[in-house]
There are 2 protein chains.
Amino acid sequence: MSTTRRARQKVTVTADLVILTIRDGELSVLLVERANDPFAGELALPGGFLRGRESLLDTARRELAEETGLDPSTFHLDQVGVYSAPDRDPRDPRVITCAYLAIAPDLPMPTAGSDARAARWSSVADALRTGLAFDHDGILRDAVDLARVEVQFTTVATAFCDAEFTIGDLRAVYEVVWGVELDKPNFHRKVTDAAGFIEPTGGKRPTPNGRPAALYRAGPADSLSPPMMRPRSS
Amino acid sequence: MSTTRRARQKVTVTADLVILTIRDGELSVLLVERANDPFAGELALPGGFLRGRESLLDTARRELAEETGLDPSTFHLDQVGVYSAPDRDPRDPRVITCAYLAIAPDLPMPTAGSDARAARWSSVADALRTGLAFDHDGILRDAVDLARVEVQFTTVATAFCDAEFTIGDLRAVYEVVWGVELDKPNFHRKVTDAAGFIEPTGGKRPTPNGRPAALYRAGPADSLSPPMMRPRSS
DNA sequence: AGAATAGTGTCTGTAAGACAGTATTTG
DNA sequence: CAAATACTGTCTTACAGACACTATTCT
């Protein structure tokens, strides 16, 4: 932290959110359609300006509550990183953003109780194919990469599920996030043996045609050791 | 990225550096003694203000060059994270910083050709015992945690070594960074089997009293799969 | 020769991956 | 009963960890 006064400048800071969920078997992200320039009419990640005496995490939590209408303390939020390229905002060369990754269950949204902007779910593949405003393509890619690593080493995969879920639900999370197929028997053994990952509730969920699946809830552990193994080709 | 103008504010942004190396068998960090308030006379991480049209990575690289007098392109730089608590700088509630981790070999410094500030190496343990200015204790802890993870999954451990190094040198890096003892034979087999991690130069380095060790250089791989296994109790 | 350090071989336990087989439901 | 889905058992292979052993240098 230099003490020279030379060339010190003030910049605008925002927090942007990558809210991921799984909808219809696809990894999906919450996007907003921009009402104003720059990039009016294009899709972008939700986000907002750092205000008052907030930390950036506070900003992210506040925006998350505004977008989803839900209690932000129920979400898992991780810092993805800072994006500070000088021309990422064409109207002001000095706007930097800090991106946060939020992982959510399949919500009954879009965004009851949100602010006026049109928010919608989009599959990550579509979003990257179509392209997003600013440098949000890169942010989204980085956030998805982070999510892939996080589900491997932590128990956040359960944050994609409802409060009660089956092992099949959890396996679907890994298959969608990693884009692979996993062996059902081995997955079952692995997650039931991982201490603190999931706990049986005692309940069962009927299946259309077959043996009902036991229900589980998230366990107390945060990290997984040994981690979930991702099939090679990382 | 909201388009409302309400409560938008400008803040001062800095990049702080956690430059780690191994000196005398201890994980060490480059610190500067602050000349001015706040925290005049205390030790802090080197850093400086975002200038002109730089990205924060540019700022970090520039500061790194100023502190070490070396070509910044030779260093490995990783973003640790953003620190934006509202009162982390007692004189201005709106100074946020982005911390970067740099990994360096044991340099012939302190800081030939650096700017006027008194820079010195300190062991990480001492730095955390004594305490640093601002929130730099927490930043240092986070950066060390990141380094511990990075050496596990990437080949950056070689960045702690000189251009040519022995397997014993590399093992010492892991032992110091992780604070553990590793089995020599197993470590040797593991790193020589890891594709692209290290390459033999053909040379040998004499030892004071014993068989000379073969010399290696860093290989082309960036990531290690399978990763280096860290003894349990993570 | 003996001490010291580098490097190899071999055994064992653990866990991942493949997959056969069993259990529990609906029609 | 057949079909479908959930779950269990077992075999194989890969690899981490322990550690005995060999190799090459110096005094």
Side-chain angles (χ1 to χ4, degrees), chain A residues 25 151-153 157 161 164-175 178 180-217 221 223-234, chain B residues 25 151-153 157 161 164-175 178-217 223-234:
Chain A
V151 296
Q152 186 173 5
F153 296 101
C161 301
E164 294 202 338
F165 53 87
T166 68
I167 290 180
D169 294 339
L170 188 60
R171 184 167 43 77
V173 169
Y174 281 91
E175 292 185 334
W178 285 347
V180 297
E181 285 216 339
L182 298 174
D183 182 88
K184 293 184 206 189
N186 292 335
F187 183 87
H188 191 282
R189 189 159 29 88
K190 176 83 193 205
V191 297
T192 49
D193 288 356
F197 192 6
I198 58 174
E199 296 176 336
T201 67
K204 288 190 192 306
R205 175 193 297 169
T207 55
N209 191 19
R211 172 174 172 176
L215 287 169
Y216 294 82
R217 70 174 75 88
S223 65
L224 291 171
S225 66
M228 297 297 292
M229 268 307 158
R230 179 150 44 152
R232 33 197 108 280
S233 83
S234 169
Chain B
V151 296
Q152 186 172 5
F153 296 100
C161 301
E164 295 203 337
F165 53 88
T166 68
I167 289 182
D169 294 339
L170 188 60
R171 184 167 43 79
V173 169
Y174 282 91
E175 292 185 333
W178 286 347
V180 297
E181 284 217 338
L182 297 174
D183 181 88
K184 294 184 207 192
N186 292 334
F187 183 87
H188 190 282
R189 190 159 29 88
K190 175 85 193 202
V191 297
T192 49
D193 288 357
F197 192 7
I198 58 174
E199 296 176 335
T201 66
K204 289 191 191 305
R205 175 194 297 169
T207 55
N209 191 18
R211 175 174 170 176
L215 287 169
Y216 293 83
R217 71 174 75 87
S223 64
L224 291 171
S225 65
M228 299 297 291
M229 268 306 157
R230 180 151 42 152
R232 33 197 106 283
S233 83
S234 167

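Computation of the quantities below employed the complete heavy-atom set of this structure, encompassing side-chain atoms and omitting hydrogens, waters and symmetry-equivalent molecules. A note on names: the letters A, B, ... follow the listed sequences, proteins ahead of strands, and every chain is numbered from 1.
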Visitor: Output the rounded distance in Å from CE (B:Met229) to P (D:dA18).
Guide: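 From B:Met229 CE to D:dA18 P: 14 Å.
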
Visitor: Where the side chain of B:Ala214 is concerned, which of C:dC19, D:dA16, C:dG7 is the nearest nucleotide?
Guide: C:dG7

Visitor: Heavy atoms only: give me the nearest A:Val151-A:Met228 pair and the separation to one decimal.
Guide: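 It is O-CG, 4.1 Å.
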
Visitor: With sequence neighbours left out, write down each residue that passes salt bridge (charged side-chain N to carboxylate O under 4.0 Å, His left out) with B:Glu175, or none if nothing qualifies.
Guide: B:Arg171

Visitor: Can you check the B:Arg205 CZ to D:dC26 P distance for me, whole Å?
Guide: 15 Å

Visitor: Just the rounded figure in Å: distance from P of C:dT10 to CG of B:Asn186.
Guide: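 Roughly 15 Å, once rounded to whole Å.
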
Visitor: By side chain to side chain contact (heavy atoms under 4.5 Å, CB included), which residues pair with A:Ala213, not counting sequence neighbours?
Guide: A:Thr166

Visitor: Which residues satisfy the salt bridge (charged side-chain N to carboxylate O under 4.0 Å, His left out) test with B:Arg211, sequence neighbours excluded?
Guide: none

Visitor: Take B:Asp169 and B:Arg205 through the side-chain contact (heavy atoms from CB on, under 4.5 Å) test and state the conclusion after the steps.
Guide: CA-CA 11 Å; B:Asp169 294 339; B:Arg205 175 194 297 169; 2.9 Å; yes

Visitor: Can you list every pair that meets salt bridge (charged side-chain N to carboxylate O under 4.0 Å, His left out) and has a residue in residues 181-203 of chain A, with sequence neighbours left out?
Guide: A:Glu199-A:Arg217

Visitor: Quick one, B:Tyr216 with B:Leu170, criterion side-chain contact (heavy atoms from CB on, under 4.5 Å). Give me CA distance, side-chain angles, the key distance, then yes/no.
Guide: CA-CA 10 Å; B:Tyr216 293 83; B:Leu170 188 60; over 6 Å; no

Visitor: Could you tell me how far apart A:Asp169 (CG) and D:dC7 (C1') are, to the nearest whole angstrom?
Guide: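 So the two atoms are 15 Å apart, to the nearest Å.
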
Visitor: With sequence neighbours left out, what residues match A:Pro227 under side chain to side chain contact (heavy atoms under 4.5 Å, CB included)?
Guide: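 Result, side chain to side chain contact (heavy atoms under 4.5 Å, CB included) vs A:Pro227: A:Gln152, A:Phe153, A:Met229.
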
Visitor: Whole-Å distance between D:dA6 P and A:Arg171 CZ?
Guide: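 Distance check: A:Arg171 CZ to D:dA6 P gives 7 Å.
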
Visitor: Could you check how far NZ of A:Lys184 sits from P of C:dA23, rounded to whole Å?
Guide: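 The distance from NZ of A:Lys184 to P of C:dA23 comes to 19 Å, rounded to the nearest Å.
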
Visitor: Between C:dG7 atom P and B:Phe187 atom CZ, what is the distance in whole Å?
Guide: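 Rounded to the whole Å, the gap is 12 Å.
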
Visitor: Find the distance A:Ile167:CD1 to D:dT8:C1' and express it as a whole number of Å.
Guide: 12 Å

Visitor: Would you mind classifying the nucleic acid contact of A:Pro206 as base, sugar-phosphate or nothing, using non-hydrogen atoms under 4.0 angstrom?
Guide: nothing

Visitor: Looking at C:dA6, D:dC26, C:dG17, which one has an atom nearest to any side-chain atom of B:Asn209?
Guide: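 Minimum distance to the B:Asn209 side chain belongs to D:dC26.
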
Visitor: Can you sort out the partners of B:Phe187 under ring pair (Phe, Tyr, Trp, His ring centres under 6.0 Å), two or more places apart, ordered by chain and number?
Guide: B:Tyr174

Visitor: Which atom pairs link the protein and nucleotides 20-22 of chain C when you take only N or O atoms and keep those under 3.5 Å?
Guide:
none

Visitor: On DNA chain C, compare the nucleotides closest to B:Gly210 and B:Leu215; which residue's is nearer the 5' end?
Guide: B:Gly210

Visitor: Just to be sure I understand the geometry, which residues of residues 188-202 of chain A put a non-hydrogen atom under 4.0 Å away from DNA chain C?
Guide: A:Arg189, A:Lys190

